[in-house]
2 protein chains.
Amino acid sequence: MPEKTVTAAVLIIGNEVLSGRTQDSNVQYLAQGLNDLGVRLKEVRVVPDVEDDIVAAVNALRQRFDYLFTTGGIGPTHDDMTSACIAKAFGLALLRHPKAEVLLRDRYKPEDITEARLKMAETPEGASLIENPVSVAPGYRVENVFVLAGVPRIMQAMFDSLKGDLVGGAPVLSHSTDAYVPEGVVAGPLGELQKAFPDVDIGSYPFVRSERLGTCLVARSPDQSRLDVVADAIEALVRDLAGEPNKPKEAKDS
Amino acid sequence: MPEKTVTAAVLIIGNEVLSGRTQDSNVQYLAQGLNDLGVRLKEVRVVPDVEDDIVAAVNALRQRFDYLFTTGGIGPTHDDMTSACIAKAFGLALLRHPKAEVLLRDRYKPEDITEARLKMAETPEGASLIENPVSVAPGYRVENVFVLAGVPRIMQAMFDSLKGDLVGGAPVLSHSTDAYVPEGVVAGPLGELQKAFPDVDIGSYPFVRSERLGTCLVARSPDQSRLDVVADAIEALVRDLAGEPNKPKEAKDS
């Protein structure tokens, strides 16, 4: 239990999320995947395709958290500037990675090897590649920073192939209880419960289901026995307030 | 055209996005709504329910951008700490707002007015309220910071009711062209085009449709005449590369 908490941040690079053109879905995938590995996602930032903004965010986040994952901006076009920014953030040269070049030359016919495509082989000096089983052009790692594609299918495949390199702490376990009680009614006793168990994180999320107002109460802890105690207390509290059996929903959605 | 660019940031407050429990959809709604008003969303951050993190992010973003919108953390429970953090960020007292209290007392029967519910009437001193037509408990504005609910339906209603208070610049117009050409092929000439028209923002986004690989090319500018010139150039470029008519997709998705 008094194990080190391992933390991570995600940096989404791309005008398309900030313009509202694209709905990001990478954060949720990474959040859940990291949680399963015992790594807590602590901050997300979305920045535009602007060098100074990207470099500043990379440096702020890689220094503050154990791991940083970037998504987007590693394609072949002029607006793909992530690799140049990562190199700048670390003060490293941007070089054509020999192994990445081989991968790309194996994939395309010689006449289809454009300068733009070879740009996808450029990484900061000393980067180690992350496999891309979907479209070949790899991601890579520099120290604690993992540089991934923005296209969800590719990002997910890259994340799955790098998982083994992450060292996490105890995964956070969770227990959810759906209660047909408005948040404003459950709030008082729930706050008391949180005070009594400061080491277990208790959250409450209102919902409307079949036109009934309710609150989903979620307890989170890396310690199963503490979680069980709080989960029982939450279910007792809900029974008191609702005067009806609640529907506990087991773990899963942390 | 040489009008001031008006900028904004969004700060999402809540463990539920960082744990992967909830998929955020507020960013896209705000991004599109702001763009229509001529306000450019320049940064998004997601931070946990931790006072120091929230205060630091509020102060960093409100000083850097013309507007800051926060979502989440203004409900009745112990994990709703946004208002206390906004007050702290501005160095203002957190007070029960008389008008907000009246709204809540009008909504609930006297016996249902809990301390927790009255917490939803607390705002930093001098805040002006933002109407909540869905569930009454209001959002509010302090200087250039707009504090909104996290539940999308409520957040959207609040944003729609505050829109009139925002002063934007020229809205960014956009033109999209779908081309059945891989990104690696279009990249070279597209980069040349971007160099020739540095004032028009050109983005490229790969897609797979009916098992065909393509690239969506998006030009963005607040200046219709410049946009038209670049849109024509993009369509000519696509015609050259694809040897077939492309399908232009008119504006809308900026």
Side-chain angles (χ1 to χ4, degrees), chain A residues 12 14-25 27-35 40-49 53 75-79 108 112 114-117 119-120 151 172 174 183-188 190-191 194-195 201-206 215 218 220 253-254, chain B residues 12 14-25 27-35 40-49 53 75-79 108 112 114-117 119-120 151 172 174 183-188 190-191 194-195 201-206 215 218 220 253-254:
Chain A
I12 300 170
N15 292 339
E16 65 275 24
V17 174
L18 293 171
S19 73
R21 182 181 187 278
T22 302
Q23 161 76 55
D24 168 76
S25 63
V27 166
Q28 192 169 34
Y29 189 88
L30 289 170
Q32 293 174 345
L34 289 169
N35 193 67
R40 322 258 182 108
L41 180 58
K42 288 292 197 181
E43 183 164 339
V44 175
R45 293 194 195 180
V46 189
V47 294
D49 300 327
D53 293 352
T77 55
H78 65 276
D79 57 340
Y108 296 106
D112 289 343
T114 59
E115 271 306 301
R117 281 185 168 139
K119 191 181 136 193
M120 294 192 288
V151 175
V172 177
S174 78
E183 230 189 347
V185 171
V186 83
L190 198 71
Q194 178 69 86
K195 262 184 220 148
D201 182 39
I202 306 177
S204 77
Y205 309 102
T215 308
V218 181
R220 290 188 201 92
D253 60 332
S254 49
Chain B
I12 300 171
N15 293 340
E16 65 275 25
V17 174
L18 292 172
S19 73
R21 184 182 184 279
T22 302
Q23 161 75 56
D24 168 75
S25 62
V27 166
Q28 191 169 34
Y29 189 88
L30 288 171
Q32 293 173 345
L34 289 170
N35 192 66
R40 322 257 182 110
L41 180 57
K42 289 289 196 183
E43 183 164 338
V44 175
R45 292 193 195 181
V46 189
V47 295
D49 300 328
D53 293 351
T77 56
H78 64 276
D79 57 340
Y108 296 105
D112 290 342
T114 59
E115 272 307 300
R117 281 184 168 140
K119 191 182 135 192
M120 295 192 285
V151 176
V172 177
S174 78
E183 232 190 346
V185 171
V186 83
L190 198 70
Q194 178 68 85
K195 264 185 218 148
D201 182 38
I202 305 177
S204 77
Y205 310 102
T215 308
V218 181
R220 291 189 200 91
D253 60 332
S254 47

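All of these numbers come straight from a predicted model, not from anything done at the bench. Chain identifiers are assigned alphabetically (A, B, ...) following the order of the sequence lines, protein sequences preceding nucleic acid strands; residue numbering begins at 1 within each chain. Heavy-atom basis, side chains included; hydrogens, waters and symmetry copies ignored.
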What part of [X] gets closer than 4.5 Å to chain A, counting heavy atoms only: side chain, backbone, both or neither?
X: B:I202; value: both
X: B:T114; value: side chain
X: B:Q194; value: side chain
X: B:D49; value: neither
X: B:Y205; value: side chain
X: B:T215; value: neither

(message) If the condition is side-chain hydrogen bond (donor to acceptor under 3.5 Å, both in side chains), which residues does B:D53 pass it with, not counting sequence neighbours?
(response)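 So B:D53 forms a side-chain hydrogen bond (donor to acceptor under 3.5 Å, both in side chains) with A:R64.
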
(request) For B:R220 and A:E16, work out which heavy atoms get closest and say how close. (result) NH2-CA, 4.4 Å

(message) Please give me the minimum heavy-atom distance between A:A187 and B:P76, naming the atom from each residue.
(response) CB-O, 3.4 Å

(message) Only pairs of heavy atoms separated by less than 4.5 Å count here; which of A:E115, A:E43, A:K119 has the most with chain B?
(response) A:E43

(request) Please round to the nearest 0.5 Å and tell me the distance separating atom CG of A:L41 and atom CG of B:N15. (result)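 Going from the CG atom of A:L41 to the CG atom of B:N15 covers 10.5 Å.
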
Chain A contacts, top residue of [options] (heavy-atom pairs, under 4.5 Å):
options: B:T22, B:L18, B:L34; result: B:L18
options: B:T77, B:V44, B:V151; result: B:V44
options: B:S204, B:G203, B:G188, B:G33; result: B:S204

Any non-hydrogen side-chain atom of [X] less than 4.5 Å from a side-chain atom of [Y]?
X: B:E183; Y: A:M120; answer: no
X: B:R117; Y: A:V185; answer: yes
X: B:K195; Y: A:H78; answer: no
X: B:V27; Y: A:V46; answer: no

(request) Would you mind checking which part of A:D112 comes under 4.5 Å of any heavy atom in chain B, side chain (CB onward), backbone (N, CA, C, O), both or neither? (result)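 Contact with chain B involves no heavy atom of A:D112 at all.
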
(request) Without swapping roles, check the side chain of B:Q28 against the backbone of A:D24 for a donor-acceptor pair under 3.5 Å. (result)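 Between the backbone of A:D24 and the side chain of B:Q28 there is no qualifying donor-acceptor contact (under 3.5 Å).
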
